Amino acid sequence: MSEKYNAIMERVTVTPGMRIRIMDNLGLPGTVHRPTLPRITGRYRSYAAAAACLLLVIAGAFLVTRLNRPTVAPPPDDTVYTPWGSVTYDSAAELSQAVGFPVTDLSHLPVTPTDTVYQKYPDGMAEITYSDGEKQSVFYRVSKGTGDNSGDYNEYPSVYDTTVGDLTLTLSGDGSLIYKVNYVRDGYACSLTSPQGLTESQWRDIIEA
Amino acid sequence: MTSAVFDIMPLYLLRRECLPLLAWLYAISSPTYPKEENTALVREKAAYYFDAFGNAILRLAYSYLHTMDESEEILQDTLMKYMTDAPRFINDRHAKVWLLRVAANLSKNRLDYNRYRQTDELSEQLIAEEQEDLSFVWDAVKALKPTQREVIHLFYQEGYTTAQIAGLLGRNESTVRSDLRRGREALKLMLKEGYDF
């Protein structure tokens with residue numbers, strides 16, 4: 001019964017899309033999230049509503065009088081800020097320039113990502129998130145030092161080391177799939193995580209590429 | 001511990017003039033957690049708990065509600081509750097128990113006792129994958145009473161003992177053992193044979 005029930009429940013998991021939705025709704029660190037306006041509660045809501053209406057009237061009058069005047073559009077700001085100071089970029093090259101050390105895109109991923117996020121954290125860590133929207137996602141982090149920067153604090157039943165070239169990898173998983181890979185490359189701590197898990201050979205393909 | 005305190009209490013204490021004593025006894029027996037004042041740390045921890053226990057919370061909610069949309073809302077509401085209350089835990093095990101307790105309460109508040117009769121996404125997935133044996137087991141579990149179903153889930157999926165389940169759900173341990181026994185008997189009857197209980 002235990003095995004059957006667990007086999008059933010394994011199908012109920014937090015998908016990458018669900019994770020992004022919830023993290024974004026709650027404004028948790030690590031999400032691409034535009035700053036929101038502070039919420040007005042209590043007795044000040046009625047005053048805020050009246051002030052908003054008055055502001056609309058004034059703005060409307062202002063615009064009507066200035067319709068024929070040329071306006072200068074502000075320069076586009078492509079930088080997206082999360083509530084906790086992390087910044088997203090458009091490419092691995094931009095991310096590398098921002099963090100000051102090389103960060104390259106991964107290849108030989110087991111899925112074709114439809115959404116790739118390049119992000120620098122306030123402490124200088126670089127993260128690239130690859131997601132196909134629903135089923136599979138891979139998180140790649142690089143930071144100075146040699147510690148575990150994955151943010152994955154789960155205790156896995158299977159943890160072992162292996163080598164790929166001159167890299168020593170620490171693989172953490174459940175015996176069949178690997179959910180976290182840690183290694184040090186050129187003096188930088190690197191981690192690869194996937195909530196859905198990949199096989200060892202799939203991780204090797206990614207790292208060897 | 002709460003149930004143990006009241007189990008040994010003489011009945012004559014259950015009078016109006018003894019209410020302050022009862023309140024004091026309840027206070028010392030109920031777990032209370034100091035509040036984390038650092039909101040930035042609370043958010044960091046919320047993100048960590050989401051990654052660490054998100055699946056467990058989602059699965060517990062699904063065992064009650066049988067729809068992914070509502071289970072996702074329960075998961076979000078549970079984390080929101082943590083961010084609001086910001087309790088400070090001794091360790092991750094305590095955090096998980098607290099989160100699952102909140103998720104269970106939120107799920108039960110939303111539970112429609114007739115909903116379990118409708119087909120859910122998990123049933124459809126198992127049918128689509130032609131996993132007839134798993135589909136059969138899942139239909140049998142769904143047919144249990146909610147009080148039996150929650151105990152079955154926490155016992156088999158999370159591996160908690162009946163004492164831990166009682167503490168998590170705020171129920172009497174003997175009631176939990178009874179629900180577990182009856183749930184397993186009901187499952188055995190529905191599934192007839194072939195599964196080790």
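Quantities reported herein were computed from a predicted structural model and do not represent experimental measurements. Throughout, protein chains are lettered first and strands after them, A, B, ... in sequence-line order, and every chain is numbered starting at 1.
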Checklist entry - In terms of heavy-atom contacts, does CD of B:Glu129 have more than 12 from other residues, nucleotides or ligands at under 6.0 Å? => result yes
Checklist entry - Take atom CD in A:Glu208; do more than 12 heavy atoms of anything else shown fall under 6.0 Å from it? => result yes
Next on the checklist: Ignoring hydrogens, what is the shortest heavy-atom contact between B:Val137 and A:Lys4? Give both atom names and the distance.
Outcome noted: CG2-CB, 4.2 Å
Next on the checklist: Quick one, B:Met68 with A:Thr15, criterion side chain to side chain contact (heavy atoms under 4.5 Å, CB included). Give me CA distance, side-chain angles, the key distance, then yes/no.
Outcome noted: CA-CA 11 Å; B:Met68 284 301 283; A:Thr15 62; 5.5 Å; no
Checklist entry - Given a strict heavy-atom distance threshold of 4.5 Å, which part of B:Gln125 is in contact with chain A: side chain, backbone, both, or neither? => result side chain
Checklist entry - Is the backbone of B:Gln76 close enough, under 3.5 Å, to the side chain of A:Asn25 for a donor and an acceptor to pair up by distance? => result no
Checklist entry - Considering only heavy atoms from C-beta outward, does the side chain of A:Arg21 approach that of B:Glu72 to under 4.5 Å? => result yes
Checklist entry - What orientation do A:Tyr5 and B:His153 show, parallel under 30°, tilted 30 to 60°, or perpendicular over 60°? => result perpendicular
Next on the checklist: So which residue, B:Tyr62, B:Phe155, B:Trp138, ends up with the most heavy-atom pairs under 4.5 Å with chain A?
Outcome noted: B:Trp138
Checklist entry - Less than 4.5 Å apart, any side-chain heavy atom of B:Arg59 and any of A:Thr13? => result yes
Item to check | Intermediate values then yes/no, side chain to side chain contact (heavy atoms under 4.5 Å, CB included), A:Arg11 and B:Leu134 | outcome: CA-CA 11 Å; A:Arg11 285 157 168 78; B:Leu134 297 183; 3.8 Å; yes
Checklist outcome for this item: Among residues 162-170 of chain A, those lying within the under-4.5 Å heavy-atom range of chain B are none
Checklist entry - Do B:Arg43 side-chain atoms and A:Leu28 backbone N/O form a donor-acceptor pair below 3.5 Å? => result no
Next on the checklist: Using side-chain heavy atoms (C-beta onward) and a distance below 4.5 Å, is A:Arg19 in contact with B:Phe50?
Outcome noted: yes
Checklist entry - Taking side chain as C-beta onward, heavy atoms only, is A:Ile8 less than 4.5 Å from B:Leu122? => result yes
Next on the checklist: Can you pull out every ring-ring contact (aromatic ring centres under 6.0 Å, His included) where at least one residue sits in residues 183-209 of chain A? Sequence neighbours excluded, please.
Outcome noted: A:Phe101-A:Tyr188
Checklist entry - Taking C-beta and beyond as the side chain, do B:Asn55 and A:Met9 meet within less than 4.5 Å on heavy atoms? => result no
Checklist entry - Where does B:Leu58 contact chain A at under 4.5 Å (heavy atoms): side chain, backbone, both or neither? => result both
Item to check | Contact origin within B:Gln131 toward chain A - heavy atom pairs under 4.5 Å | outcome: side chain
